[in-house]
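The structure's right below; bear with me while I get my questions together.
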Amino acid sequence: MGVRYSWLDAPASAVADTAKTLLGWRLSANGVAVRLTEVEAYSGLGADPASHAHRGPTNRNQVMFGPAGFLYVYQIYGMHLCANVVCGSPGEAAAVLLRAGAVVDGLETARQRRPAARTAHDLAAGPAKLMQVLALDRSANGTSVVDGTGPATLTPPPDGEKVGDIVAGPRVGVTAAHDVPWRFWIAGDPAVSSYRRHTRRRR
DNA sequence: TATTCGATCCAT
DNA sequence: TGGATCGAATAC
């Protein structure tokens with residue numbers, strides 16, 4: 001059932017293109033919808049040292065090794081959640097991290113969920129902020145975003161909407177593969193996360 | 001079993 | 001710039 005999207009079937013080697021394709025798409029959940037403004041691509045097993053999947057399947061990353069169109073949700077820094085959409089064929093373990101979005105529906109609800117946000121474009125300008133605005137928790141891990149069975153749904157941009165120019169740069173926060181420009185965002189969009197190079201923790 | 005440290009956010 | 005905070009991954 002549900003809608004089939006072409007990016008679901010793209011091979012893991014094309015995950016960077018897949019990531020770019022997702023810019024401008026809508027992700028809606030629990031009464032709030034965002035337009036995706038920033039994403040990052042992670043390729044699969046072995047190929048990408050920055051990927052959670054590059055050392056093989058573990059309890060945490062197992063949904064990355066499943067079929068495309070499902071959410072891989074993980075906790076980071078002991079307190080934040082981030083979500084990826086799995087791409088490619090089962091076993092390829094490619095994924096796109098959803099890094100930021102602009103709230104396009106449910107603005108009041110979004111503001112209530114993120115009182116720390118000072119401006120509208122900061123409501124979902126980061127991967128953990130996005131999760132908070134959409135009220136998604138770790139129970140969303142392993143659910144589909146394309147067949148309506150999960151809490152979140154991904155849909156294409158409205159007909160005629162221009163996505164705008166896409167810019168590429170290094171991925172945020174990762175300690176490996178700093179030179180791989182697999183972060184993509186919509187040029188000039190205010191609702192993107194701020195980049196800070198990974199700072200190693202002092203001892 | 002013990003230790004390390006992160007695909008972050010926020011206040012300073 | 002650093003602190004919060006905890007579980008997955010790695011070291012032992």
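Just so it is clear, the structure is predicted and the values come from calculations on it, not from any experiment. All chains are named by letter (A, B, ...) in the order of the sequence lines, taking the proteins before the strands, and each is independently numbered beginning at 1.
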So, is A/Arg99 close to the B/dA7 phosphate, meaning a side-chain N or O under 4.0 Å from OP1 or OP2?
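Answer is no, no contact under 4.0 Å.
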Gap in Å between the two P atoms, one belonging to B/dA7 and one to C/dA11, rounded
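Those two atoms are separated by 16 Å.
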Which part of the nucleic acid does A/Gln75 contact within heavy-atom distance under 4.0 Å: base, sugar-phosphate only, or nothing?
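Sugar-phosphate contact only.
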What's the shortest heavy-atom distance between A/Gly126 and A/Ala100, and which atoms?
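Closest pair (atom of A/Gly126, atom of A/Ala100, distance): N-CB, 3.9 Å.
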Kindly confirm or rule out a cation-pi arrangement of A/Arg138 over A/Tyr74, judged by NZ or CZ under 6.0 Å from the six-membered ring centre and within 45° of its axis?
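No, A/Arg138 and A/Tyr74 do not form such a contact.
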Any ion pair linking A/Glu40 and A/Arg99 (charged N to carboxylate O, less than 4.0 Å)?
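Looking at A/Glu40 together with A/Arg99, the answer is yes, because their closest N to O distance falls below 4.0 Å.
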Quickly work out the A/Leu81 CG to B/dT8 P distance and round it to whole Å.
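Atom-to-atom, A/Leu81 to B/dT8, this comes out as 13 Å.
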For the base of C/dA8, is there a side-chain donor-acceptor partner from A/Asn61 under 3.5 Å away?
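Answer no: no donor N or O sits under 3.5 Å from an acceptor.
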Would A/Met131 and A/Leu154 show up in the same hydrophobic cluster when neighbours are defined by side-chain heavy atoms closer than 4.5 Å?
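Yes, because A/Met131 and A/Leu154 connect within a single hydrophobic cluster, where side-chain heavy atoms sit under 4.5 Å apart.
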Can a side chain N or O of A/Ser193 be found less than 4.0 Å away from OP1 or OP2 on B/dT8?
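For A/Ser193, the contact criterion (side-chain N or O under 4.0 Å from OP1 or OP2 of B/dT8) is not met.
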Between B/dC9, C/dA9, B/dA7, which nucleotide has the shortest distance from any of its atoms to the side chain of A/Met64?
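The listed nucleotide nearest to A/Met64's side chain is B/dA7.
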For A/His52 and A/Gly78, take the nucleotide of DNA chain C holding the closest heavy atom to each; which residue's nucleotide lies nearer the 5' end?
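In this pair, the answer is A/Gly78.
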How would DNA chain C look in dot-bracket form, 5' to 3', counting Watson-Crick and G-U wobble pairs with both distances under 3.5 Å and writing | for bases paired to another strand?
||||.||||||.
Is there a side-chain contact between A/Arg55 and the phosphate of C/dT10, meaning an N or O under 4.0 Å from OP1 or OP2?
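For C/dT10, OP1 or OP2 has a side-chain N or O of A/Arg55 closer than 4.0 Å.
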If I take atom CD in residue A/Gln62 and atom C1' in nucleotide C/dG7, what distance separates them, rounded to the nearest angstrom?
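Nearest whole value for this atom pair: 16 Å.
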Whole-Å gap separating P (B/dC10) and CG (A/Asp122):
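Spelled out: CG on A/Asp122 to P on B/dC10 is 7 Å.
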Separation of atom CZ in A/Arg113 from atom P in B/dC9, rounded to whole Å
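Atom CZ in A/Arg113 sits about 17 Å away from atom P in B/dC9.
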Starting at atom CD of A/Gln132, determine the distance to atom C1' of B/dC9, rounded to an integer number of angstrom.
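Roughly 9 Å, once rounded to whole Å.
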Which nucleotide in C/dA9, B/dT8, B/dC10 has an atom nearest any side-chain atom of A/Arg60
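Nearest nucleotide to the side chain: C/dA9.
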Compute whether any side-chain donor of one residue and acceptor of the other, for A/His54 and A/Tyr42, lie under 3.5 angstrom apart.
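No, no side-chain donor-acceptor contact under 3.5 Å.
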Kindly say whether, by distance alone, the side chain of A/Tyr74 makes a donor-acceptor pair under 3.5 Å with the base of B/dA7?
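In this structure, the two groups form a donor-acceptor pair.
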With C1' as the reference atom in both, quote the distance from C/dG2 to B/dC5 in angstrom, rounded to an integer.
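These two C1' atoms come out 15 Å apart once rounded.
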Quick check for you: among B/dC9, B/dA7, B/dT8, whose closest atom lies nearest to any side-chain atom of A/Arg114?
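From the listed options, B/dC9 comes nearest.
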Send over the distance from A/Tyr77 OH to B/dG6 C1', rounded to a whole Å.
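Distance check: A/Tyr77 OH to B/dG6 C1' gives 4 Å.
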Whether A/Arg118 contacts B/dA11 is assessed here as follows: a side-chain N or O lying under 4.0 Å from the phosphate OP1 or OP2. Is that the case?
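No, outside the criterion.
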According to a 4.5 Å side-chain heavy-atom criterion applied to Ile, Leu, Val, Met, Phe, Trp and Tyr, with indirect links allowed, do A/Leu130 and A/Val192 form part of one hydrophobic cluster?
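Different clusters.
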Interatomic distance where CZ belongs to A/Arg171 and P belongs to B/dT8 [whole Å]:
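That distance rounds to 12 Å.
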CE of A/Met79 versus C1' of B/dA7: gap in Å, rounded?
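Checked: the CE to C1' distance equals 15 Å.
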Nearest 0.5 Å please: distance from the CG atom of A/Asn141 over to the CG atom of A/Asn84.
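With rounding to 0.5 Å, CG (A/Asn141) is 9.5 Å from CG (A/Asn84).
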For the student: nearest non-hydrogen atoms of A/Val15 and A/Ala95, plus distance
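For A/Val15 versus A/Ala95, the nearest heavy atoms are CG2-O, 3.7 Å.
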